[in-house]
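Worksheet for the structure shown next.
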Amino acid sequence: MAAPWEDVLRDGAAIREAAAVAVDAALLQGVLMRTEGQPNASDVVNFAPFTLLPSAVPSALFEQAYAVQQDFNMLVDAISQNKEFLEHTLASTIKVDDFTARLFRIYTQVLEEGLAQSVFLGINRSDYMFDSGVEGPPALKQIEINTIAASFGGLTSRTVAVHGQVLKVLGKPQEASRLLPNNPSKGLALGIAKAWELYGSPSAVVMFVVEEVQRNIFDQRCVENELWNRDIRVIRKRFRDVFEKGSLDEARRLYMDGQEVAVVYYREGYVPSNYNEQNWEARLLLERSRAVKCPDIATQLAGTKKVQQELSRPGTLERLLPGHAEAVRRIRATFAGLYSLDMGADGDKAAAMAIADPDCFVLKPQREGGGNNLYGEELRQVLEKIRDSPQRTSYILMDKIKPRPAMNYLLRAHSSLQVSECISELGIFGVYVRRGSELVLNEAAGHLLRTKAVEHADGGVAAGVAVLDTPYLV
Ligand code: ADP
Ligand code: MG
């Protein structure tokens with residue numbers, strides 16, 4: 001199903017006019033990023049990349065993605081409390097992947113000492129593509145679930161207004177009025193505020209743990225400002241600051257510069273390059289503390305690609321969510337084919353299958369952040385090289401999702417305006433809060449549509465490949 005503005009796509013003059021309006025609207029609305037040249041200063045900023053037009057999204061799949069989000073929240077939360085499952089599932093990965101091994105070591109260490117934390121906050125984003133399949137209607141297929149530092153909930157809260165204006169400029173006011181409101185930053189902040197409240201110390205602050213290079217600060221500021229509006233103090237610190245100034249008291253309450261911290265919200269810490277020895281020490285200190293970590297180390301591990309692959313094994317979801325048959329059914333319906341490359345007959349078979357037909361699969365290492373996956377010929381070459389080595393267990397294999405492309409214009413600073421064949425990825429934000437064993441909040445908090453030109457197999461907005469978009473339900 002196409003969006004109802006195919007007619008204007010090739011009207012050069014109208015598109016140029018709309019693009020000029022769009023860029024200024026984005027700047028006015030705060031769809032902003034710092035520049036590559038000055039990534040830590042707000043003196044010079046630019047608009048974050050976005051599509052000129054909204055993209056058509058089948059309404060049934062959009063609703064399906066929302067309907068399964070509370071199930072995914074519950075699932076991630078259940079995995080994070082299941083030591084045996086995490087241990088068993090990640091056993092092969094941590095033998096060959098140092099980063100996961102290091103996270104796992106902190107996880108074990110914290111459990112051995114006994115958890116000081118009793119309130120838990122999860123913010124995740126489950127990402128999907130619409131598989132066009134050979135026949136029948138498109139199907140919703142999960143790409144991955146991000147359980148740490150899921151971004152763009154802030155900036156995407158501001159793209160609806162931009163796209164609404166573009167549609168009006170193009171003479172489509174009715175279509176503009178059909179764009180759905182969307183405000184993930186508010187939902188995320190509500191979750192953080194709830195965790196802060198349950199922590200129960202009114203003078204304590206919320207600490208965002210941020211990267212050394214902070215180009216995407218405005219996305220985070222959207223969430224931050226929602227917290228300030230609720231009279232909750234927010235501080236922004238790097239691991240380095242935590243190493244230098246963080247401490248625990250005898251009850252393992254966390255202090256930064258003498259201020260008690262109720263909630264630690266990580267926008268950092270998900271890739272190996274985020275860590276040196278001091279940063280690892282800082283991470284351990286935070287994990288040992290009583291503060292609510294979003295996510296705690298167990299929940300970060302629950303978001304690994306290896307866990308995702310294990311979830312697709314028959315019987316696994318049922319074991320993790322006993323008594324939730326409907327939730328299990330809804331979750332499983334979104335799974336694409338996933339295959340373990342562990343040593344043994346099944347792994348041999350999966351490797352051979354991908355080598356024979358590399359264009360039908362994606363080879364994924366145990367990494368986050370985009371740009372790491374292998375496709376096509378490269379997939380074949382790498383897999384041939386490691387097919388008999390334990391190194392292959394640091395990857396998982398996945399069916400390649402093939403969405404139907406649509407035409408759009410991708411607006412980027414310093415780039416010329418040209419039409420591209422594009423595909424989109426829909427993310428749904430999930431937020432939940434648990435106190436002890438009681439889930440006190442479990443919600444879908446909004447969505448994110450990211451669109452990229454078909455020639456890029458991989459990569460997100462931060463990686464400079466995908467751009468922000470708004471769904472237009474058809
Ligand atoms: P990361 O943790 O790096 O974000 P993802 O699993 O999200 O890892 O993969 C990165 C990108 O690769 C996705 O945004 C998507 O564009 C593409 N991709 C991942 N898995 C598939 C798949 N099974 N089929 C098609 N494209 C995929
Ligand atoms: Mg991703």
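Any value given below was found using the heavy atoms of this structure, including those in side chains, with hydrogens, waters and symmetry copies removed. Ligands are counted one by one from 1 in listed order, and the atoms in each one are counted from 1 as well. Given the structure is predicted, the values throughout are model-derived calculations rather than measurements.
For Glu455, the CD atom sits in a packed shell: over 12 heavy atoms of surrounding residues, nucleotides or ligands are nearer than 6.0 Å. Under a cut-off of 6.0 angstrom, the local environment of CD in Glu87 is crowded, with over 12 non-hydrogen atoms contributed by other residues, nucleotides or ligands.
Excluding waters, the set of protein N, O or S atoms lying under 2.8 Å from the Mg ion (ligand 2) comprises Glu144 OE2.
The side chain to side chain donor-acceptor pair (under 3.5 Å) check on Gln29 picks up nothing, with sequence neighbours excluded. With sequence neighbours excluded, the residues that form a side chain to side chain contact (heavy atoms under 4.5 Å, CB included) with Asp357 are Cys360, Phe361.
Stacking of Arg434 on the aromatic ring of Phe120 is recorded, both the 6.0 Å distance cut-off and the 45° axial limit being met. A cation-pi contact links Arg178 to Tyr472, judged by a cut-off of 6.0 Å to the six-membered ring centre and 45° from its axis.
Under 3.5 Å, the side chains of Tyr107 and Asp296 contain no donor-acceptor pair of N or O atoms.
Here Arg392 pairs with Asp348 in a salt bridge; the nearest charged N to carboxylate O distance falls below 4.0 Å. Ionic pairing of Lys306 and Asp97 is not present here: no N-O contact between side-chain nitrogen and carboxylate oxygen is shorter than 4.0 angstrom.
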Any protein N or O within less than 3.5 Å of an N or O in ligand 1? List each pair with its distance, or say none.
| residue | atom | partner | partner atom | Å |
| --- | --- | --- | --- | --- |
| ligand 1 | 2 (O) | Glu144 | OE1 | 3.2 |
| ligand 1 | 2 (O) | Glu144 | OE2 | 3.3 |
| ligand 1 | 2 (O) | Lys305 | NZ | 2.8 |
| ligand 1 | 2 (O) | Glu368 | OE1 | 3.0 |
| ligand 1 | 3 (O) | Gly369 | N | 3.4 |
| ligand 1 | 3 (O) | Gly370 | N | 2.6 |
| ligand 1 | 4 (O) | Glu144 | OE2 | 2.9 |
| ligand 1 | 6 (O) | Lys364 | NZ | 2.6 |
| ligand 1 | 7 (O) | Glu144 | OE2 | 2.8 |
| ligand 1 | 9 (O) | Asn373 | ND2 | 2.9 |
| ligand 1 | 12 (O) | Asn373 | ND2 | 3.4 |
| ligand 1 | 12 (O) | Tyr375 | OH | 2.9 |
| ligand 1 | 12 (O) | Asp458 | OD1 | 3.3 |
| ligand 1 | 14 (O) | Glu425 | OE1 | 2.5 |
| ligand 1 | 14 (O) | Glu425 | OE2 | 3.4 |
| ligand 1 | 16 (O) | Glu425 | OE1 | 3.4 |
| ligand 1 | 16 (O) | Lys452 | NZ | 2.6 |
| ligand 1 | 20 (N) | Lys364 | NZ | 3.0 |
| ligand 1 | 23 (N) | Asp399 | O | 2.9 |
| ligand 1 | 24 (N) | Ile401 | N | 2.8 |

